[in-house]
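One structure is given here, and the rest of the page talks about it.
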Amino acid sequence: GTGGSDGATGAAQLCVDTINKHRATLGLPPLGRWTDAESCSDEECESDGNTNTPHGAFGACKERAQNECPGWPGPPQSMIASCLQLMWDEGPGEDFNKHGHYINMSNPEFTEVACGFHTFPDGSVWAVQNFR
């Protein structure tokens with residue numbers, strides 16, 4: 001199912017809260033929850049999972065940056081904090097190829113994040129965090 005119908009609404013808030021917890025360690029302002037883009041973000045997850053291509057649908061929701069957790073064991077509420085921790089642990093650093101997830105999460109120019117999820121029949125979850 002999609003994020004909106006499989007109980008991922010709580011996971012979306014957990015996602016935003018977890019990103020903001022990490023940002024707070026750097027004294028950065030919290031990101032707002034970009035709820036208007038959540039259903040679009042869910043669709044990006046479904047598309048990327050179906051094509052097995054992380055970031056394959058990037059830009060469809062008019063986001064400026066995107067992080068993605070591809071094919072994690074679900075449900076969304078149990079995987080999102082671990083995936084975000086791994087991304088945060090990439091930083092700090094300047095090389096986007098090595099530290100890009102951290103750079104996106106800690107970017108002071110971004111003000112909102114939309115967290116999308118799609119759970120596939122095998123129980124795997126694809127999750128995106130779209131920043132603007």
Side-chain angles (χ1 to χ4, degrees):
T2 62
S5 65
D6 69 2
T9 306
Q13 187 62 54
L14 177 61
C15 173
V16 175
D17 292 345
T18 302
I19 291 168
N20 285 334
K21 180 187 72 170
H22 290 304
R23 287 173 63 89
T25 67
L26 302 178
L28 293 167
L31 297 174
R33 183 171 166 185
W34 184 17
T35 54
D36 290 351
E38 287 178 3
S39 61
C40 178
S41 299
D42 292 343
E43 292 169 10
E44 285 183 336
C45 295
E46 183 176 13
S47 173
D48 290 357
N50 282 330
T51 60
N52 198 30
T53 307
H55 310 295
F58 173 71
C61 304
K62 299 187 172 29
E63 65 274 16
R64 292 175 54 199
Q66 181 185 80
N67 290 353
E68 188 156 14
C69 310
W72 279 63
Q77 295 88 334
S78 69
M79 55 68 64
I80 192 59
S82 298
C83 177
L84 293 171
Q85 184 67 55
L86 283 178
M87 291 182 187
W88 188 255
D89 290 346
E90 290 179 8
E94 300 298 319
D95 181 347
F96 196 84
N97 290 321
K98 294 179 183 170
H99 310 288
H101 297 113
Y102 172 87
I103 290 169
N104 287 341
M105 291 172 73
S106 63
N107 189 327
E109 294 180 18
F110 297 148
T111 59
E112 290 185 303
V113 61
C115 296
F117 299 89
H118 187 81
T119 303
F120 285 88
D122 67 357
S124 66
V125 174
W126 284 60
V128 297
Q129 302 86 51
N130 284 326
F131 299 90
R132 71 168 185 180

Enter the distance from Phe120:CZ to Cys45:SG here, rounded to the nearest 0.5 Å.
8.0 Å
One should read off an interatomic distance between Leu31 CG and His22 NE2, to the nearest 0.5 angstrom, of 12.0 Å
Side chains of residues 123-132: which donor-acceptor partners sit under 3.5 Å, not counting sequence neighbours?
residue, atom, partner, partner atom, Å
Ser124, OG, Asp122, OD1, 2.7
Asn130, OD1, Gln66, NE2, 2.9
Asn130, ND2, Ser41, OG, 2.9
Asn130, ND2, Glu44, OE1, 2.8
Arg132, NE, Glu112, OE1, 2.7
Arg132, NH2, Glu112, OE1, 2.6

Quick check on the hydrophobic clustering: are Leu26 and Phe110 connected, directly or via other members, by side-chain heavy-atom contacts under 4.5 Å?
yes
Taking all atoms of both residues into account, what is the closest heavy-atom pair of Gly91 and His99, and its distance?
CA-ND1, 4.0 Å
Can you list, pair by pair, the side-chain donor-acceptor contacts under 3.5 Å of residues 67-74, counting residues two or more places apart and other chains?
residue, atom, partner, partner atom, Å
Asn67, OD1, Asn104, ND2, 2.9
Asn67, ND2, His101, O, 3.1
Glu68, OE1, His55, N, 2.6

Exam field: side chain Thr18 to backbone Val16, donor-acceptor pair closer than 3.5 Å:
no
Side-chain heavy-atom pair Pro29, Arg23 within 4.5 angstrom cut-off:
yes
With sequence neighbours left out, write down each residue that passes side chain to side chain contact (heavy atoms under 4.5 Å, CB included) with Glu94, or none if nothing qualifies.
none
From Met87 atom CE to Ser82 atom OG, the distance as rounded to the nearest 0.5 Å
11.5 Å
Between Leu84 and Met105, does a side chain to side chain contact (heavy atoms under 4.5 Å, CB included) hold up when you go through it step by step?
CA-CA 9 Å; Leu84 293 171; Met105 291 172 73; 4.3 Å; yes
Are Pro75 and Thr119 close enough that some pair of their side-chain heavy atoms sits under 4.5 Å apart?
no
Given 3.5 Å as the limit, does a donor-acceptor pair link the side chain of Asp42 with the main chain of Gly116, or not?
no
Could you tell me whether a side-chain N or O of Glu63 sits under 3.5 Å from a main-chain N or O of Gly59, the two making a donor and an acceptor?
yes
Restricting to side-chain hydrogen bond (donor to acceptor under 3.5 Å, both in side chains), what partner residues turn up for Asn50, sequence neighbours left out?
none
Got a second to check how far Thr111's OG1 is from Arg64's CZ, nearest 0.5 Å?
8.0 Å
Let me confirm one number: the OG-CG distance from Ser78 to Leu14, rounded to the nearest 0.5 Å.
10.0 Å
Distance-minimising heavy-atom pair for Leu28 and Pro108
CD2-CB, 3.9 Å
For the hydrophobic clusters of this structure (ILVMFWY residues joined by side-chain heavy atoms under 4.5 Å, transitively), does one cluster hold both Phe117 and Trp34?
no
Could you list the residues that satisfy side chain to side chain contact (heavy atoms under 4.5 Å, CB included) with Asp17, not counting sequence neighbours?
Gln13
Would you please name every residue forming a side-chain hydrogen bond (donor to acceptor under 3.5 Å, both in side chains) with Thr25, sequence neighbours left out?
none
